[in-house]
There are 2 protein chains.
Amino acid sequence: MNKDSYHHGDLKHALLVGACEMIATEGIQNMSLRKVARKIGVSHNAPYQHFADKEALLAAVAQEGFQRLTDELDTVIERTSTQSCVEQLKACGNTYIKFMMDNSAYLEVMFGPYPYEDYPELAEAGLESLQRLIAVVARGQASGEIKSLNPVEVAGTVWMSLHGLSTILRNGKLPPQLVSERTPTQLASDFLDVIYEGILVQA
Amino acid sequence: MNKDSYHHGDLKHALLVGACEMIATEGIQNMSLRKVARKIGVSHNAPYQHFADKEALLAAVAQEGFQRLTDELDTVIERTSTQSCVEQLKACGNTYIKFMMDNSAYLEVMFGPYPYEDYPELAEAGLESLQRLIAVVARGQASGEIKSLNPVEVAGTVWMSLHGLSTILRNGKLPPQLVSERTPTQLASDFLDVIYEGILVQA
DNA sequence: CTAAAATGTGGACGCTGTCAATATTAGGAT
DNA sequence: ATCCTAATATTGACAGCGTCCACATTTTAG
């Protein structure tokens, strides 16, 4: 499709990409529909042909983020398939943190305040990512590596720790005594190790 | 000070309260400086006498949130001083989640994207809250209840799990298989239990 | 008592999200 | 090929927003 034609051709995709880039470079606070439209070279109302409102576009970006995260988790699980499930779980944690650090735009948007009822496919995409962790945990339980607690519970705990760590990392800085010259990836490893090992003397 | 006088008398405090209420009732997306000013009965420019801009007001609300959270942690630590440190840590977790559920306005704001460099007293207030957890962990280590890992590491893990859980709870709904009719408080207990017990077979 | 500092007001500007009406194009039925 | 319709993009308008400026009012210090 001609670039200068009246019809853009793939505006919906261009909006997703443009919004994502703008969030990454200017922060979600400074992202506006009109600026995205301007950047793409389209009128300020064109986006409404593809998204009901600004929130719907953001929710779509978030959904895309979950899908990409799921893909990366699949990749790393595949690549570590010869290792132990615990190693796989650690690799998933590292992948999660690396993904959020490399794609801060998604981080700003994936756990935003979009009511799940209004965006069921977003809820679905989020669940799909979590499912990957649950599967690894379940396999680890079958092979006897991981305690036979509720796998959803275990995966959920890891999931939330990862989410908590990445959102706090985003703020710019953690309390200095928490960071102490470690990279985000190292931090993730160390924090997950605490979970893996348990903190009670008699586990 | 007379209510209808030219000078409000305690506008700064009124702004903090008003902003907090508006965030709680309408969400942070729908909170505006002008609406807060209108509700208080003051001109749309009066807030600028006390806060450099909107972000500064939000950061101040966030700081207040950390201070209140610290207070509640102090209270519960005091009240459970006769119990084991593990019980204290669990009580802190419950308090954290309850605080975030009861004060959703603070949750929306406390871990927002305010660069810590720009608001050092906010960073300080956040650190202060975390410090309470670290102290409990350190005591638990001294008494032999908690493994002698780096206490900052252990407390940080709990801290991040709590943060992750509450921000995800805020979205309205967790994946249904994760909730299964548990209250937020129950969820927090159960997730923290996973951390406490450790998930590896041989801890 | 008066000058200066603190606090609050009113108006303006550019930007935003969104609505309504209109224009342009694409694609299928004839 | 042509016409109709649906899809797509545009222009214009509106209220609300954050923020800057000049000005008004009040408090406070000397």
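All chains are named by letter (A, B, ...) in the order of the sequence lines, taking the proteins before the strands, and each is independently numbered beginning at 1. Keep in mind that this is a model prediction, so the values were computed, not measured.
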What is the distance, to the nearest angstrom, from the [atom1] atom on [X] to the [atom2] atom on [N]?
X: A:Q49; N: C:dT24; atom1: CD; atom2: C1'; answer: 12 Å
X: B:F51; N: C:dG8; atom1: CZ; atom2: C1'; answer: 15 Å
X: A:N30; N: D:dG18; atom1: CG; atom2: C1'; answer: 12 Å
X: B:K12; N: C:dA6; atom1: NZ; atom2: C1'; answer: 14 Å
X: A:N45; N: D:dC14; atom1: CG; atom2: C1'; answer: 12 Å
X: B:K39; N: D:dC17; atom1: NZ; atom2: P; answer: 13 Å
X: B:H13; N: C:dT7; atom1: NE2; atom2: P; answer: 16 Å
X: B:H50; N: C:dA5; atom1: NE2; atom2: C1'; answer: 14 Å

B:K35 side chain to B:N30 main-chain N or O, any donor-acceptor pair under 3.5 Å?
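Yes, the answer is positive, given that a donor and an acceptor are paired below the 3.5 Å cut-off.
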In chain order, what residues pass the ring-ring contact (aromatic ring centres under 6.0 Å, His included) check against A:Y48, with sequence neighbours excluded?
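Here no residue qualifies.
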Test of understanding: with ring-ring contact (aromatic ring centres under 6.0 Å, His included), list the residues that count as partners of B:H163, not counting sequence neighbours.
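B:F111.
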Validation: residues 91-102 of chain B side-chain donor-acceptor distances under 3.5 Å, sequence neighbours left out:
{"unit_1": "B:N94", "atom_1": "OD1", "unit_2": "B:S189", "atom_2": "OG", "d": "3.1"}
{"unit_1": "B:T95", "atom_1": "OG1", "unit_2": "B:A91", "atom_2": "O", "d": "2.8"}
{"unit_1": "B:K98", "atom_1": "NZ", "unit_2": "B:D102", "atom_2": "OD2", "d": "2.5"}

Return all side-chain donor-acceptor pairs below 3.5 angstrom for residues 11-24 of chain A, not counting sequence neighbours, or 'none' if the list is empty.
{"unit_1": "A:E21", "atom_1": "OE1", "unit_2": "A:K39", "atom_2": "NZ", "d": "3.2"}

For nucleotides 15-17 of chain C, tabulate all protein N/O to nucleotide N/O atom pairs closer than 3.5 Å, reporting atom names and distance.
{"unit_1": "C:dT16", "atom_1": "OP1", "unit_2": "A:S32", "atom_2": "OG", "d": "2.9"}
{"unit_1": "C:dT16", "atom_1": "OP2", "unit_2": "A:R38", "atom_2": "NH2", "d": "2.7"}
{"unit_1": "C:dG17", "atom_1": "OP1", "unit_2": "A:L33", "atom_2": "N", "d": "3.0"}
{"unit_1": "C:dG17", "atom_1": "OP1", "unit_2": "A:K54", "atom_2": "NZ", "d": "3.1"}
{"unit_1": "C:dG17", "atom_1": "OP2", "unit_2": "A:L33", "atom_2": "N", "d": "3.1"}
{"unit_1": "C:dG17", "atom_1": "OP2", "unit_2": "A:R34", "atom_2": "N", "d": "3.2"}
{"unit_1": "C:dG17", "atom_1": "N7", "unit_2": "A:R34", "atom_2": "NH1", "d": "2.5"}
{"unit_1": "C:dG17", "atom_1": "O6", "unit_2": "A:R34", "atom_2": "NH1", "d": "2.8"}

Pairwise salt bridge (charged side-chain N to carboxylate O under 4.0 Å, His left out) hits with a residue in residues 83-97 of chain A, at least two apart:
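Listed by first then second residue: A:K90-A:D193.
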